[in-house]
Participant: 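Sharing a structure, written as structure tokens. Questions coming.
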Amino acid sequence: MSTCSVFDGAVFMSSEMKLTEDFKRDTHPDKVNLAGREYVGEHGHTTWLPLVRKIKQQIATDPTLTPEYPPILGIPEFTQRATELALGKDSPAIVESRVFGVQTVGCTGAVRLGAELLRSWYCSSSSWNGPILLSSPCDDSLTGTFKAAGIDDVQHYRYWAAESNDVCVENMVHDLENAPERCVVVLFASGHHPTGAELSQEDWKRVAEVMKKRQLFPFFLMSAQGLCSGSLEQDAWAVRHCVSLGLELLCAQSFSYSFGLYGERVGHLLCVLKQNMLAVQSQAEKLVQTLWSCPPMEGARVVATILSNPAHLVEWQEGVKGIAEHCMLIRERLRERLRLLGGPGRWDHITKPGGLYCCFGLNAQQVEFLIQRKHIYLLPNGCLNVSAINSRNLDYVAESIHQAMHSQL
Amino acid sequence: MSIFGEVPLAAPVAVFKLSADFREDQNPNKVNLGVGAYRTDECQPWVLPVVRKVEKMIVDDHSLNHEYLPILGLPEFRSSASKIALGEDSPAIKDNRVGAVQCLGGTGALKIGAEFLRRWYNGTDNTKTPIYVSAPTWENHNAVFSNAGFEDIRPYKYWDAGKRGLDLTGFLGDLESAPDHSIFVLHACAHNPTGTDPTQDQWKQIADVMKRKNLFAFFDSAYQGFASGNLDKDAWSIRYFVSQGFELFCAQSFSKNFGLYNERVGNLTVVAKDQDNLSRVLSQMEKIVRITWSNPPSQGARLVAITLNTPELFAEWKDNVKTMADRVLLMRAQLKEKLKTLGTPGTWEHITEQIGMFSFTGLNPKQVEYMIKEKHVYLMASGRINMCGLTSKNIDYVAESIHEAVTTVQ
């Protein structure tokens, strides 16, 4: 056998989760990780709703549930509920049977599958490879997912503006007006990652109008429906509005946040079409078989059980609303602290959007300062996960951000 | 006008279509020998007793967190799963040159391995590197590698229909004529669909050629323990290659041997030359996982990890696995006996010589059609049957049906 490794060519790739790893290694007593993805409660870790534990116990002791291979596209009880949740039970698309859903391995799995579907079949070309438009900024892994599916032409539309610490709709609409016709646009229905910045319903109407006029294809991401505003309908408004305009679209949904089921990887890819649904569904099936064959059952069963039972549904919605309210409360407290600490600055961007993420528009130096000197870990541009702020670390976080923004670094 | 207006309807997967037809069939004597899942003698799916036990343990454990698993998966699952494949005392493990990625079943493990090889195996663009799969092989192998970007997927000779056994000469010939550095997908045991495995001696010959020509071994191990009832025996081929100094991948599935079909429990074991190569490989695989499914699902992996790492549970699991394997062996023996007793023309030794869930009966497509249409016994067009579909109640009927098919249909 040769003395070289066949893997000689593989270069070392530093982990994307480097921030989290650095945080773990950090021994400073006041360290705070604001760069995580999950919702953490006041106590500092993720939890299940009590209802979720109860359902899991039922599942574990249910003799009628068999461990068979599930359908390739997932269990119908789950995909139906997920579809209704996104579009509303009486959506014209559902009534007219021109929508199908695929149970996927988390939101990433849904995005990957959607990307593969587009690459293979968009506009009936044998291999469409873009352009696809992503928001600026956006998660690196989103770009990577589309490229891995074979879509090389990835461009960006302006979304969040540093000057206003908010969405700049004018820029966004301008970029969409000038985008090549028929390109695919990735839109966050609510809960933009990493900035948390949101479009109003009026903004969405403008965006949708441009999409329709220029025949741009919407690929929605909706990872935390209900967690942003506290209302399931409000958080899905943008998707439903596009459907009402007669647009075809894809929507990648996650049930990680709203059920605390991060580890179970419960995702859903919604496909709203004008026609030819069965054919597209059959092609989606073929693609799933090359990715993971069929999806894992545990999490989807929990979600389906809860969404199908009126009493459970109410209890779950209350839980989701509670998370949304908790995030809003933290945002208000943070804003108050910063206001009291003085110094110029508007703090609307903290409390205007809901949900997990918030962006302070910090420059690289300021972010570095917070990480290295204050042991507060956050994402580029000063984007952070508000749920990781609690009564124990609020003062320290607020003071540190204040320092980062107003001292000579 | 829909942008998807011209998308053609894809042909249904043969094995699922077969099951669908079976479900709709009203005949009281119907038998399903199609899909590859274990069935008890009552023709029911079987939740392994150890699995039931551990499931309850998991749900009652309030200390477990529900966060995303690490991208590469649950560490205690990955290491214990690799140990199962390579052996507790594997020198490669002792040398710290074995790693793993928790994946979505065996399919997911093949997927991640394929995506890695296409990017990093022999230079940074392996789209033209030949992938060899056995003729025949599991029908999804082709699609997984093709979708990962490999353009040149070729068959290697494997099944000899004439003698109903391994075509070793053909196999070795294809190994010799393969371009150096080609990738070969090998079935570790219980070949799907033929049930025919190389003997230990034959594996040695195969390994010799592969070593000489720097061919890459990508093992597919979906039936460890299920084939002979013995975990070590079923992993012999993988361990032999490791002992010969090969770097290799092994896509492991725990669907069959844990009966966890629906929780998608798989593991891609990586054996590298040394620790440095291993860590670079794993870092690149992490990147690939991140843009495929991000993090793997926790339920099944936890279950397997707890079982493999707890001595009493491990013993109970091995026992459950042997129960399944023994039932299959019993059905094989009985089917062969009944065909011999009926005096069905042809030889039927291959039924007990073959191993694992599947048997390539040797029935031709016309005979298969007869079985399905006239006798309501469902099997694949290739003549493949799932031995688990046989029970003490239906085995006579199936034997008689095979007899009829062979004697009346040419």
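Every chain is numbered from 1, with letters handed out A, B, ... down the list of sequences.
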Participant: Going through the distances and angles, do A/Ser293 and B/Leu104 end up as a side-chain contact (heavy atoms from CB on, under 4.5 Å)?
Facilitator: CA-CA 8 Å; A/Ser293 251; B/Leu104 277 279; over 6 Å; no
Participant: Need one label for B/Ser146: side chain, backbone, both or neither, based on atoms under 4.5 Å from any heavy atom in chain A.
Facilitator: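 For B/Ser146, there is no contact with chain A at all, as no heavy atom is under 4.5 Å.
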Participant: State, to 0.1 Å, how close B/Gly5 and A/Gln275 come at their nearest heavy-atom pair, and which atoms those are.
Facilitator: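 Taking B/Gly5 first and A/Gln275 second, the nearest heavy atoms are CA-OE1, 4.3 Å.
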Participant: Short question: side chain of B/Ser298, backbone of A/Gly263 - any donor-acceptor pair under 3.5 Å?
Facilitator: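 Yes, B/Ser298 side chain to A/Gly263 backbone: donor-acceptor pair under 3.5 Å.
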Participant: Report which part of B/Asn295 has an atom under 4.5 Å of a heavy atom belonging to chain A: side chain, backbone, both, or neither.
Facilitator: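 Interface part for B/Asn295: both.
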Participant: Please identify, among B/Asn262, B/Asn277, B/Leu9, the residue contributing the most non-hydrogen atom pairs under 4.5 Å to chain A.
Facilitator: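 The option with the most such pairs is B/Asn262.
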Participant: Check whether any side-chain N or O of A/Asn276 sits under 3.5 Å from a backbone N or O of B/Val7 as a donor-acceptor pair, and report yes or no.
Facilitator: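 Flag set: sc A/Asn276 to bb B/Val7 pair under 3.5 Å.
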Participant: Determine whether a donor-acceptor pair (N or O, by modelled atom type, separation under 3.5 Å) exists between the side chain of B/Glu263 and the backbone of A/Glu298.
Facilitator: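 Checking the backbone N and O of A/Glu298 against the side chain of B/Glu263, a donor-acceptor pair under 3.5 Å is found.
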Participant: Side chain from CB out, backbone as N, CA, C, O: work out which of these in B/Arg39 comes under 4.5 Å of a heavy atom of chain A, or both, or neither.
Facilitator: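 Just its side chain gets close to chain A.
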Participant: Heavy-atom distances under 4.5 Å only: say whether B/Val13 touches chain A with side chain, backbone, both or neither.
Facilitator: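 For B/Val13, side-chain heavy atoms alone lie under 4.5 Å from chain A.
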Participant: Could you tell me which portion of B/Phe216 (side chain, backbone, both or neither) has an atom closer than 4.5 angstrom to a non-hydrogen atom of chain A?
Facilitator: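 The side chain, not the backbone.
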Participant: Please state whether the side chain, the backbone, both or neither of B/His181 comes within less than 4.5 Å of a heavy atom of chain A.
Facilitator: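 For B/His181, no heavy atom lies under 4.5 Å from chain A.
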Participant: Check B/His66 against A/Gly260 and note the closest heavy-atom contact, atom names and distance.
Facilitator: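 Closest pair (atom of B/His66, atom of A/Gly260, distance): CB-O, 3.7 Å.
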Participant: Has A/Arg265 got a side-chain atom pairing as donor or acceptor with B/Trp293's backbone, closer than 3.5 angstrom?
Facilitator: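 Side chain of A/Arg265 to backbone of B/Trp293, a donor-acceptor pair under 3.5 Å: yes, one is there.
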Participant: Could you tell me if the side chain of B/Pro296 sits less than 4.5 Å from the side chain of A/Trp292, heavy atoms only?
Facilitator: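 No, their side chains stay 4.5 Å or more apart.
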Participant: Can you tell me if B/Thr107 and A/Gln289 form a side-chain donor-acceptor pair at under 3.5 Å?
Facilitator: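 Short answer, no.
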Participant: Any idea which heavy atoms bring A/Ile72 and B/Phe16 closest together, and the distance?
Facilitator: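 Nearest pair, atom of A/Ile72 first, then B/Phe16: CD1-CE1, 3.5 Å.
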Participant: Do A/Arg37 and B/Tyr68 meet the cation-pi criteria used here (NZ or CZ under 6.0 Å from the six-membered ring centre, within 45° of the axis)?
Facilitator: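 Relative to the ring axis of B/Tyr68, which defines the angle, A/Arg37 lies inside both limits.
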Participant: Please find the pair of heavy atoms, one from B/Gly36 and one from A/Tyr69, that lie closest to each other, and give the distance.
Facilitator: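 Smallest interatomic distance, heavy atoms only, reads O-CE1, 4.0 Å.
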Participant: Passes salt bridge (Lys or Arg N to Asp or Glu O under 4.0 Å), B/Glu115 versus A/Arg112? Steps please.
Facilitator: CA-CA 14 Å; B/Glu115 293 274 345; A/Arg112 179 60 183 264; 3.6 Å; yes
Participant: Would you please indicate yes or no on a ring centroid separation below 6.0 angstrom for B/Tyr121 and A/Phe7?
Facilitator: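 Between A/Phe7 and B/Tyr121, the centre distance exceeds or equals 6.0 Å.
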Participant: Scan side-chain atoms only and decide if B/Asp60 and A/Gln57 contain a donor-acceptor pair under the 3.5 Å cut-off.
Facilitator: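 A pair is found: one side chain offers a donor N or O, the other an acceptor, under 3.5 Å apart.
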Participant: At a 4.5 Å cut-off on heavy atoms, which part of B/Arg212 comes close to chain A: side chain, backbone, both, or neither?
Facilitator: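 Neither part, no heavy atoms under 4.5 Å.
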Participant: Go through the atoms of B/Thr124 and report whether side chain, backbone, both or neither lie under 4.5 Å from a heavy atom of chain A.
Facilitator: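 Neither part, no heavy atoms under 4.5 Å.
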Participant: Please examine the side chains of A/Pro296 and B/Gln299, heavy atoms only from C-beta on, and report whether any two atoms are closer than 4.5 Å.
Facilitator: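 No, too far: nothing below the 4.5 Å cut-off.
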Participant: Write down the atom of B/Glu55, the atom of A/Ala60, and the distance for their closest heavy-atom approach.
Facilitator: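 Minimum heavy-atom separation between B/Glu55 and A/Ala60: OE1-O, 3.7 Å.
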Participant: What part of B/Arg119 gets within 4.5 angstrom of chain A, counting heavy atoms only: side chain, backbone, both, or neither?
Facilitator: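 Side chain only.
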Participant: Between A/Ser282 and B/Pro8, which heavy-atom pair has the shortest distance, and what is it?
Facilitator: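 A/Ser282 and B/Pro8 have their closest heavy atoms at OG-O, 4.1 Å.
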